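These notes are about the structure you will find just below.
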Amino acid sequence: MPHVVTQACCGDASCVYACPVNCIHPTPDEPDFLTSEMLYIDPSTCVDCGACVSACPVGAIVPGHRLADEQLRYLDVNAAHYAEPEPDAVRFPVDPGWRLPLAPIQKPKPLQVPGGGDVEVAVVGSGPSAMYAADELLRYPNVRIRMYERLDRPFGLARFGVAPDHLSTRKVMRLFDDVARNPNLEILLNTEIGRDISLADLRARSHAVIWAGGAETDRRLQIPGADVAGVCSATEFVGWYNGHPDFADRTFDLSTPRVVIVGNGNVALDVARILTADPESLASTSISREALTALRASKVEEVMVVGRRDAGAAAFTLPELIGLIDGGASVTVDAGDLAQLGTASDTVTATKLDLLTEAAGAPHRDGPVIRFAFLRSPHEIVSGANGSVAGIRFIRNEMSPAGAVVPTDRFDDVDTGLVLTSIGYRGLALPGLPFDEARGVIPNDAGRVVGDDGPMPGMYVTGWIKRGPSGFIGTNKTDSADTIASFRADLEAGLLRAPTQPVRP
Ligand SMILES: Cc1cc2nc3c(=O)[nH]c(=O)nc-3n(C[C@H](O)[C@H](O)[C@H](O)COP(=O)(O)OP(=O)(O)OC[C@H]3O[C@@H](n4cnc5c(N)ncnc54)[C@H](O)[C@@H]3O)c2cc1C
Ligand SMILES: NC(=O)c1ccc[n+]([C@@H]2O[C@H](COP(=O)([O-])OP(=O)(O)OC[C@H]3O[C@@H](n4cnc5c(N)ncnc54)[C@H](OP(=O)(O)O)[C@@H]3O)[C@@H](O)[C@H]2O)c1
Ligand code: SF4
Ligand code: SF4
């Protein structure tokens, strides 16, 4: 039975390069790599050698015969992906004894700088994009990195975003720990660039600065009442249950029977899962003690997850939906929507719709239920007598044949004491750097920061603040490699200035 990729996959493609028979797709150089919801292993060519298992930092690849019951569906999804080969696809017969000869590992030569010596790089942030950038740079023996992190602990959303019950995915921090042990990397915690050290100072003390500060805030709902008490963002809620210092002292009203989550991306699924999980199943995880206490006392009976488009266009990915439903959550679909779930021609969407239909018809365990609702846009927050949220009014939508959301003149009113908006993240503008207000990113060309007068020499960007708040942890690996390639090319072309101030003040 072939190996398969399961939910924990964070998309770093290490397995792709480890596989001796190139049977894991899409690969980073295939066009659908950045948009694919998961990776697939071709069962007809996999020779069960296990090289991908060893290469995977999060234990996401499992031999078919070792899959747990709740993982079996990944086997079907994987097989379905390869069921209908493209007509002109070339399949090579593979000898199971065949292995690629191991290439001799060549240590990269030092980077050339005018006058010789070390290359000094400052990295702002210590999230996945910063750690992948550092890993790429540290291949060169004469690169020295100072990494600045405003929080008291490193690794950004890998620590403060990834859900506490995603134990395998959180193992990616072990990989980052390995990178952090390199003596040429120094991480300065509790140090915010722009507050404790100016960007100008940093630039004067390095050949290059790589900004990897992520998308630190969230998109806000622009509807009447959005600022009343009891309307909070998923960013705050996630930060709270993960012990993020900015959000640790938040409180949320879990005495309400219904929580409404606006948006249906993977963050919405994380939040819904944590709100409805048996708190005892979370007790041994890294969840904050405050959140665990609050969840133990929770009176929430239903978490409604509301999307503005139809079910086929939902933003959550298939592995996360499988993990939610087969992981034991009680999931249902709003009655009116269930009748209209429809069908889809692509396997991923069709499987999502099948799963939702199956879950809605299955018996539910005792405890809170997750109810999916579709084709509704938030229209207005309704306040109660005490001034905090009492309900939310949605406007009903239809989908146009071209796939656009079309509002109707029908409304739905939903009672709730807590609305969590999970409508995406957003980067923050920074003094001294250009900013694209519309996209919430730093304008760049392959990682080179571009201002009004063209590229800013020695200033680079990577991760969510470079490309926007989408993609998995591992997506930042290819993204950072792209930025470091630009940095190297500029260094070799003599475009980078040596530090004008002592590197260590
Ligand atoms: C709630 C949530 C859950 C997620 N779960 C998963 C998952 O299960 N699997 C998965 O593959 N992907 C997941 N992702 C996506 C993944 O976390 C991101 O792709 C990734 O973290 C982006 O990396 P980044 O380095 O660009 O940003 P971040 O991870 O946000 O890192 C940015 C870092 O920069 C620091 N910083 C910012 N400004 C400054 C400054 N001025 N000075 C110093 N430091 C600064 C921040 O404190 C932070 O540590 C999740 C995302 C979210 C929001
Ligand atoms: N386990 C994991 O792998 C994991 C976990 C968490 C996050 N992540 C990744 O992190 C990234 C961010 O996730 P996310 O959930 O924050 O973002 P997301 O996937 O972009 O989802 C945002 C949701 O908000 C909706 N939305 C946006 N603006 C809205 C508005 N004005 N009114 C109503 N709805 C609105 C979107 O609807 P439309 O689709 O209609 O725009 C979508 O449903 C994603 O790439 C995600 O895959 C991964
Ligand atoms: S088990 Fe071996 S052949 Fe199969 S996908 Fe993994 S690396 Fe490739
Ligand atoms: S996390 Fe990386 S190595 Fe593991 S399955 Fe996903 S892409 Fe492959």
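Both backbone and side-chain heavy atoms feed into the values below; hydrogens, waters and symmetry mates do not. We count ligands from 1, going down the list as the structure has it; atoms in each ligand are counted the same way. Just so it is clear, the model here is predicted, and its values are computed rather than measured.
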Open item on the list: Would you say atom 20 (O) of ligand 2 makes contact with the protein, given that contact here means a non-hydrogen protein atom less than 4.0 Å away?
Closed with: no

Open item on the list: Any nitrogen or oxygen of Asn266 lying under 3.5 Å from a nitrogen or oxygen in ligand 2? Just yes or no.
Closed with: yes

TODO: Please state which part of Asp270 comes within less than 4.0 Å of ligand 1, counting heavy atoms only: side chain, backbone, both or neither.
DONE: side chain

TODO: Would you mind telling me if ligand 1 is within reach of the side chain of Tyr148, the backbone, both or neither, using heavy atoms under 4.0 Å?
DONE: backbone

Open item on the list: Suppose we measure from atom 34 (O) of ligand 1 to each protein heavy atom; which comes out shortest, and what is that distance?
Closed with: Gly125 CA, 3.2 Å

Open item on the list: Polar contacts were defined as any N/O atom of the residue lying under 3.5 Å from an N/O atom of the ligand; does this apply to Ser470 and ligand 2?
Closed with: no

Open item on the list: For Ala446, is there any backbone N or O sitting under 3.5 Å from a side-chain donor or acceptor partner on Ser486?
Closed with: yes

TODO: Answer side chain, backbone, both or neither: which part of Phe155 comes under 4.0 Å from ligand 1, heavy atoms only.
DONE: neither

Open item on the list: Can you report which non-hydrogen protein atom sits closest to atom 37 (C) of ligand 1, along with the distance?
Closed with: Gly213 O, 3.2 Å

Open item on the list: Between Asn476 and Arg467, is there a side-chain donor-acceptor contact under 3.5 Å, judged purely by atom types and distance?
Closed with: yes

Open item on the list: With 2.8 Å as the limit, count the protein N, O or S atoms near atom 4 (Fe) of ligand 4.
Closed with: 1

- [ ] Could you establish whether Ala212 and ligand 1 come within less than 4.0 Å of each other, counting only heavy atoms on the residue side?
- [x] yes

- [ ] Name the closest protein heavy atom to atom 20 (C) of ligand 1, giving the residue it belongs to and the distance to 0.1 Å.
- [x] Asn476 ND2, 3.5 Å

Task: Location of contacts on Cys10 toward ligand 2, heavy atoms closer than 4.0 Å - done: neither

Open item on the list: Starting from atom 51 (C) of ligand 1, what is the nearest protein heavy atom, named by residue and atom, and what distance separates them?
Closed with: Trp464 CH2, 3.8 Å

TODO: Could you tell me whether Trp464 approaches ligand 2 through its side chain, its backbone, both or neither, with non-hydrogen atoms closer than 4.0 Å?
DONE: side chain

Open item on the list: Which option wins on minimum heavy-atom distance to atom 42 (N) of ligand 1: Asp196, Val461, Ile193, Thr169?
Closed with: Ile193

Task: Proximity to ligand 2 by part of Gln7, non-hydrogen separation under 4.0 Å - done: neither

Open item on the list: Yes or no: does Thr191 have any heavy atom under 4.0 Å from an atom of ligand 1?
Closed with: yes

Open item on the list: Students should be able to answer this: which protein heavy-atom is nearest to atom 48 (C) of ligand 1, and at what distance?
Closed with: Glu149 OE1, 3.5 Å

Task: Check: Arg308 N/O within less than 3.5 Å of ligand 2 N/O - done: yes

Open item on the list: Closer than 4.0 Å to some heavy atom of Gly463 - which atoms of ligand 1 meet that?
Closed with: 26 (O)

Open item on the list: Return the closest protein heavy atom for atom 44 (N) of ligand 1 as residue, atom name and distance.
Closed with: Arg150 N, 3.1 Å

- [ ] Pick one of side chain, backbone, both or neither for how Asp270 approaches ligand 2, counting any non-hydrogen atom pair under 4.0 Å.
- [x] side chain

TODO: Report yes if the distance between the aromatic ring centroids of Phe247 and Tyr241 is under 6.0 Å, otherwise no.
DONE: no

TODO: State whether the shortest distance between N or O atoms of Val267 and N or O atoms of ligand 2 falls below 3.5 angstrom.
DONE: yes

Open item on the list: One residue to check: Val267. Relative to ligand 1, which of side chain, backbone, both or neither has a non-hydrogen atom less than 4.0 Å away?
Closed with: side chain

- [ ] Considering only non-hydrogen protein atoms, determine which one is nearest to atom 29 (O) of ligand 1 and report residue, atom name and distance to 0.1 Å.
- [x] Leu157 N, 2.9 Å

TODO: Would you mind reporting whether Met304 and Thr416 have side-chain heavy atoms less than 4.5 Å apart?
DONE: no

Open item on the list: Check this for me - ligand 1, Thr462, N or O atoms closer than 3.5 angstrom, yes or no?
Closed with: no

- [ ] Under 4.0 Å, heavy atoms only, figure out whether ligand 2 is touched by the backbone of Gln222, its side chain, both or neither.
- [x] neither

Task: atom 16 (C) of ligand 1 - nearest protein heavy atom and its distance - done: Ile473 CG1, 3.8 Å

Open item on the list: Applying the side chain to side chain donor-acceptor pair (under 3.5 Å) criterion to Arg150, which one of Asp246, Asn190, Asp196 satisfies it?
Closed with: Asp246

- [ ] Below 4.0 angstrom from a heavy atom of Ala13, which ligand 4 atoms are there? Numbered from 1 as shown, please.
- [x] 2 (Fe), 7 (S)

Open item on the list: Please report whether atom 26 (O) of ligand 1 has a protein non-hydrogen atom at a separation of less than 4.0 Å.
Closed with: yes

Open item on the list: Within a 6.0 Å radius of atom CZ on Arg181, are there more than 12 heavy atoms belonging to other residues, nucleotides or ligands?
Closed with: yes

Open item on the list: Checking contacts here: is it the side chain or the backbone of Phe472 that comes within 4.0 Å of ligand 2, counting heavy atoms only? Could be both or neither.
Closed with: side chain

Task: Residue portion contacting ligand 1 (non-hydrogen atoms closer than 4.0 Å) for Trp211 - done: side chain

TODO: Between Arg195 and ligand 1, find which residue part has any heavy-atom pair under 4.0 Å and reply side chain, backbone, both or neither.
DONE: neither

